[in-house]
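The figures that follow rest on heavy atoms only: side chains count, while hydrogens, waters and symmetry mates do not. For ligands, and for the atoms within them, numbers begin at 1 and follow the listed sequence. Note that the structure is a prediction, hence the values are computed from the model and not measured.
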Amino acid sequence: MKTVKAFAAEKADQPLGPFDLQRRTPGPSDVEIEILYCGVCHSDIHTARNEWGGTIYPVVPGHEIVGKVTAIGSDVKNHKVGDTVGVGCMVDSCGTCGNCEEDLEQFCEKGMSGTYSSYLQDKKTVTYGGYSTSIVVTEKFVLKVSDKLPLEGVAPLLCAGITTYSPLRHWKVKKGDKVAVVGLGGLGHMAVKLASAMGAEVTMLSRSPEKAKDADKLGAHHFELTTDLENMKRLKGTYDLIIDTVSASHDYSAYLNLLRTDGVMVLLGVPPTPEQIHATSLIFGRKSLAGSLIGGIKETQEMLDFCAEHGIVSDVEIIPMDKINEAYESTIAGDVHYRFVIDMASLKD
Ligand code: NAP
Ligand code: ZN
C-alpha cells in the first residue's frame with residue numbers, strides 16, 4: 001500500500017478538503033498512474049452531495065483522469081512505464097457476462113466497478129477517484145492517450161467525450177442529420193464538437209443567451225433559446241436526434257415536441273428527481289425516449305482515437321485542487337467554459 005494525497009467530501013453538506021488515501025501495490029495485471037489532470041464532471045457534484053443517494057463517504061470524486069504510467073505488474077501487455085494513459089468512469093467489471101463480452105462493460109450484469117464511490121469486483125473494496133495524485137487500475141480499464149493533443153483538454157474526453165460519442169454512434173448519426181444538443185455544459189460542448197465532426201447539422205438548445213457565440217465557435221450551426229416559447233413553437237418537428245445533457249429538473253415533453261416523426265431523444269443528464277411525461281408526447285410521431293450511460297472500454301478507445309484524428313479536445317478552465325469547491329458552485333451556476341480541469345501538480349506541493 002502507498003499513501004497518496006487526495007481531496008474528499010466527508011459528508012453531503014461539507015466542502016471537499018485534503019484527505020490521505022491508501023492505493024494498493026500494483027498486482028500482476030495492474031497499472032500505476034501518476035495523475036496529471038482530472039476533469040470536474042457534474043456527476044462528481046451529484047455524488048459528493050449525495051443527490052442520487054447511496055454515496056459512500058468519504059468520497060474522492062474524479063473520473064476524467066489523464067496521467068503517466070509509473071509502474072506495471074508482471075502480466076501487463078498493453079502499457080509500459082512512461083506511457084500517457086487515461087481512466088474514465090469504470091475501473092473494472094466481471095469480464096465474463098454477456099454485456100462484458102459484447103464490450104458493454106458499463107452494463108456489466110454483476111455491476112461494473114465505478115471509479116469512485118463504488119466497489120471493486122470483490123464487492124468490498126471501496127474505490128476512490130481522480131482527485132488524487134495517483135491511482136492503480138487493472139490494465140483493461142486503462143486507455144491509450146495520444147501525445148499529440150494537450151492533455152488537460154483530453155481529460156474530459158474520458159467521461160464527457162465518451163458519454164456523448166456513444167449515443168451519436170449508436171443512433172448512427174451521419175452527414176446532414178439534424179441533431180440538437182440541450183444544455184451547453186461539459187457534456188453539451190463535447191456533443192456539439194463530436195456531432196459536427198460526424199457531419200451533422202447541429203443546433204444548440206440553451207437557456208443561456210450569452211452562450212450563443214461560444215456555440216458557434218464549438219461548431220454548432222444554429223443556436224436556439226429554450227426560454228423563448230415562440231422559438232420552441234417554431235422548432236416543432238425539426239430534429240432527428242436530441243441529446244439532452246441537462247443536470248436539473250426540466251420538462252422532457254417540451255423537447256420531444258421538437259422531434260420529427262421517428263425521432264429519438266436520448267437522456268444523458270441525470271436530474272436528482274423523476275420527471276413526468278404524457279404518452280401523447282411519444283405516440284404522435286412514433287417518437288422514442290432513450291437513455292445512454294458512458295460507453296464501453298473498446299468504444300472509449302475508439303472515441304479517443306477519433307478525437308486525436310480530428311484534433312478534438314475539451315475547452316477547459318484549469319484550476320488548482322484547492323479551488324474545487326468554488327468550481328462546483330460555478331458549474332451549478334452554469335458558469336464554466338466548458339469544463340473545469342484540476343492541475344494535479346497543485347496537490348503535490
Ligand atoms: P454541466 O457542465 O453542469 O452542464 C449542464 C448544463 O445543463 C448547463 O450548462 C446548462 O446549460 C443546463 N442546465 C443546468 N441547469 C439547468 C436548469 N435548471 N434548467 C435548464 N438547463 C439547465 O454538467 P455536465 O457535467 O455536462 O453533466 C450533465 C448531466 O449529465 C449531469 O446530470 C451528469 O450527472 C450527467 N452525466 C451523465 C452521464 C451518463 O453516462 N449518462 C455521464 C456524465 C454525466 P445551458 O445554460 O446551455 O442551458
Ligand atoms: Zn462524468
Item to check | Whether Lys211 lies under 4.0 Å from ligand 1, heavy atom | outcome: yes
Checklist entry - How far apart are the closest heavy atoms of Arg49 and Ile332, and which atoms are they? => result NH1-CD1, 3.2 Å
Item to check | Sidechain N-carboxylate O distance under 4.0 Å for Glu224, Arg234 | outcome: yes
Next on the checklist: Is there a polar contact, in the sense of an N or O pair closer than 3.5 Å, between Leu268 and ligand 1?
Outcome noted: yes
Item to check | Interfacing atoms of ligand 1 (cut-off 4.0 Å, heavy-atom, Ser292) | outcome: 39 (C), 40 (O), 41 (N)
Checklist entry - Under 3.5 Å, N or O to N or O, is Leu184 touching ligand 1 that way? => result yes
Checklist entry - Any nitrogen or oxygen of Cys159, main chain or side chain, under 3.5 Å from a nitrogen or oxygen of ligand 1? => result no
Checklist entry - Hey, is ligand 1 close enough to Tyr338 that some N/O pair sits below 3.5 Å? => result no
Item to check | Vertex the Zn ion (ligand 2), rays to SG in Cys41 and SG in Cys159 - rounded to 10° | outcome: 130°
Item to check | ligand 1-proximal atoms of Thr163, by part, heavy-atom distance under 4.0 Å | outcome: side chain
Item to check | the Zn ion (ligand 2) reached by His63 (N, O or S, under 2.8 Å) | outcome: yes
Checklist entry - Which part of His42 is near ligand 1, with near meaning a heavy atom under 4.0 Å away: side chain, backbone, both or neither? => result both
Next on the checklist: Could you identify the single nearest non-hydrogen protein atom to atom 28 (C) of ligand 1 and state the distance to 0.1 Å?
Outcome noted: Thr245 O, 3.0 Å
Next on the checklist: On a heavy-atom basis, which atom in Arg339 and which in His42 lie closest, and how many Å separate them?
Outcome noted: NH1-N, 3.9 Å
Item to check | Sub-4.0 Å heavy-atom contact, Arg339 with ligand 1 | outcome: yes
Next on the checklist: With a heavy-atom distance limit of 4.0 Å, tell me whether His46 approaches ligand 1 through its side chain, its backbone, both, or neither.
Outcome noted: side chain
Item to check | Closest protein heavy atom (residue, atom, distance) for atom 2 (O) of ligand 1 | outcome: Gly186 N, 2.8 Å
Next on the checklist: Applying side chain to side chain donor-acceptor pair (under 3.5 Å) to Arg24 and Thr125, what does each step give before you reach the verdict?
Outcome noted: CA-CA 11 Å; Arg24 67 180 184 266; Thr125 310; over 6 Å; no
Next on the checklist: With respect to Ala248, determine whether any N or O atom, backbone or side chain, lies less than 3.5 Å from an N or O atom of ligand 1.
Outcome noted: no
Next on the checklist: How close do Ile312 and Leu149 get, counting heavy atoms only, and between which atoms?
Outcome noted: O-CD1, 3.8 Å
Checklist entry - Is ligand 1 less than 4.0 angstrom away from at least one heavy atom of Trp52? => result yes
